[in-house]
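Here the structure comes first, spelled out in structure tokens, and everything after it is commentary.
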2 protein chains.
Amino acid sequence: MPDLKSVPNPLFLRDDELRQGIELLFFGYRDFTARADQTLAAYNFGRAHHRVIYFVGRNPGMTVSDLLDILKITKQSLSRVLSQLVREGFIVQRPGTTDRRQRLLSLTDKGAELERRLTEDQRALVARAYKAAGAEAVEGFKKVLLGLINEEDRGRFRMQNPGGPGSSPGTTSGSGGGAGGAGSGGSR
Amino acid sequence: MPDLKSVPNPLFLRDDELRQGIELLFFGYRDFTARADQTLAAYNFGRAHHRVIYFVGRNPGMTVSDLLDILKITKQSLSRVLSQLVREGFIVQRPGTTDRRQRLLSLTDKGAELERRLTEDQRALVARAYKAAGAEAVEGFKKVLLGLINEEDRGRFRMQNPGGPGSSPGTTSGSGGGAGGAGSGGSR
DNA sequence: TTTTTATGTCAGCCATGTTGACTTATCTAA
DNA sequence: TTAGATAAGTCAACATGGCTGACATAAAAA
């Protein structure tokens with residue numbers, strides 16, 4: 001591998017390569033969301049509902065502030081979908097124990113089932129792409145995407161050794177959950 | 001490396017890993033678009049304008065049908081932004097030479113300059129992520145994203161050897177370009 | 001007790017996607 | 001040469017999901 005510092009513009013940083021990356025992200029994300037969107041339509045829900053259900057499922061007991069931090073939308077925008085999901089029995093809110101102003105969010109059984117169905121679409125798609133690309137490519141995929149992410153949110157992901165290729169499978173376990181992040185302490 | 005066929009559920013295909021991939025895509029795309037959106041706001045344009053400008057810049061002389069195929073939106077949706085861009089002098093339309101029903105699209109100088117400014121934001125972001133991750137990770141990134149993309153659109157990308165893991169770094173270079181895709185011949 | 005914070009709500013605006021119906025110009029095939 | 005298909009555009013109406021601004025309530029913190 002060439003020493004990056006000594007090369008002003010390595011081949012993989014040429015304009016064409018970067019544009020290709022931009023387009024891969026566009027097409028990739030477009031198709032990544034397309035499948036789940038169909039499932040959502042059957043419930044008369046949109047992508048915004050999916051995101052709420054997904055992250056609440058991932059972080060049971062999270063606060064509204066936590067969710068806002070993740071989604072980076074206004075509370076008015078969130079309110080529209082969240083209150084709908086609560087009204088229709090997909091999500092429950094209970095007051096926080098230490099801070100009773102908080103509304104801790106979690107999925108109902110009904111919500112958990114929807115979450116499963118929704119996430120299944122994307123998981124299958126990602127699994128297929130992972131399988132086709134191989135373990136090592138997956139490491140690279142994660143590494144690059146992590147680099148695209150806002151410094152502040154990067155901490156949501158606990159990545160193991162970037163050591164790469166042959167990293168001993170036995171230790172890959174750990175972390176797992178990773179994205180938990182949003183502690184209920186939620187300051188802003 | 002374990003033989004995938006013999007392992008029912010390799011480590012990199014565990015549920016946690018797949019969810020992490022889903023989240024990386026969400027956060028990655030969110031931040032990938034955030035920067036350019038700010039630039040767009042200064043022109044009173046939105047993401048839809050950006051996409052049109054980007055792809056027309058990338059494929060000068062493309063037809064409206066070509067563009068619709070890429071964006072996968074309705075012509076009514078496209079019309080709203082496209083006619084605005086034409087009206088304001090960012091894009092020109094000229095009749096097709098062989099088929100005069102077609103309106104071949106290209107950027108004006110003004111449009112090209114905007115395209116440069118817009119794409120610069122994303123290119124810088126991608127470049128930073130690429131640089132931090134390294135050439136080999138970039139290969140993996142591309143490989144996985146390509147696997148997420150609709151079979152039909154995959155052909156827009158001419159990837160070099162999927163050679164995989166230990167592929168000699170010296171040869172990582174290759175092709176580059178690629179993504180042109182939408183030839184103006186545009187059949188549907 | 002006063003102030004700040006966490007949450008929610010009403011009202012209205014904007015961007016961007018959708019469907020359906022219809023027009024115009026042009027190409028293509030019978 | 002005419003009938004039908006195709007490329008493009010338009011009007012109208014609607015849904016989703018962002019946004020701002022203003023204001024309300026309860027509970028924590030100073």
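To find a chain, count down the sequence lines: A is the first, B the second, and so on, and within it residues start at 1.
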C/dA6 phosphate, OP1 or OP2, under 4.0 Å from A/Thr63 side-chain N/O: no
Under-4.0 Å side-chain N/O to phosphate OP1/OP2 contact, A/Thr74 with D/dC19: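 Result: yes.
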Within 6.0 angstrom of B/Arg154 CZ, more than 12 heavy atoms from elsewhere: yes
For atom [atom1] of [X] and atom [atom2] of [N], their distance in whole Å:
X       : N      : atom1 : atom2 : result
A/Lys75 : D/dG18 : NZ    : C1'   : 16 Å
B/Asp37 : D/dC19 : CG    : P     : 11 Å
B/Leu68 : D/dG9  : CG    : C1'   : 11 Å
B/Arg30 : D/dG17 : CZ    : P     : 18 Å
B/Gln38 : D/dC19 : CD    : C1'   : 15 Å
B/Gln93 : D/dA7  : CD    : P     : 16 Å
B/Leu67 : D/dG9  : CG    : P     : 10 Å

Pairwise side-chain contact, A/Gln84 with A/Phe90, heavy-atom cut-off 4.5 Å (strictly under): no
Side chain to side chain, B/Leu68 and B/Thr63, heavy atoms closer than 4.5 Å: no
Salt bridge present between B/Arg101 and B/Asp99 (N-O < 4.0 angstrom):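 Yes, charged N to carboxylate O under 4.0 Å.
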Centroid-centroid distance, A/Phe32 to B/Tyr29, less than 6.0 Å: no
Validation row, ring centre B/Phe12 to ring centre A/Phe141 under 6.0 Å: no
For DNA chain C, the residues among residues 41-54 of chain B that have a non-hydrogen atom under 4.0 Å from it: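 Residues of residues 41-54 of chain B that come under 4.0 Å of DNA chain C are, in numerical order, B/Gly46, B/Arg47, B/Ala48, B/His49, B/Arg51.
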Close residues, residues 76-91 of chain A, relative to DNA chain C [heavy-atom separation under 4.0 Å]: A/Gln76, A/Ser79
Hydrophobic cluster membership, A/Phe45 vs A/Val92, 4.5 Å side-chain cutoff: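 Hydrophobic grouping puts A/Phe45 apart from A/Val92.
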Nearest atoms (heavy-atom pairs only) where A/Ala36 meets A/His50: CB-CE1, 3.8 Å
Side chains of B/Tyr54 and A/Glu23, donor plus acceptor under 3.5 Å: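 Yes, because at least one side-chain N or O of B/Tyr54 sits under 3.5 Å from a partner of the opposite role on A/Glu23.
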Donor-acceptor pair between A/Tyr130 and B/Glu17 side chains, under 3.5 angstrom: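 Per modelled atom types, A/Tyr130 and B/Glu17 side chains form no pair under 3.5 Å.
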A/Ile70, A/Leu85, A/Leu107 screened by side-chain contact (heavy atoms from CB on, under 4.5 Å) with A/Val52, the one that passes: A/Leu85
Polar atom pairs (N or O), protein with nucleotides 26-30 of chain C, under 3.5 Å:
| from | atom 1 | to | atom 2 | distance (Å) |
| --- | --- | --- | --- | --- |
| C/dT26 | O2 | B/Arg101 | NH1 | 3.4 |
| C/dC27 | OP1 | B/Arg100 | N | 2.9 |

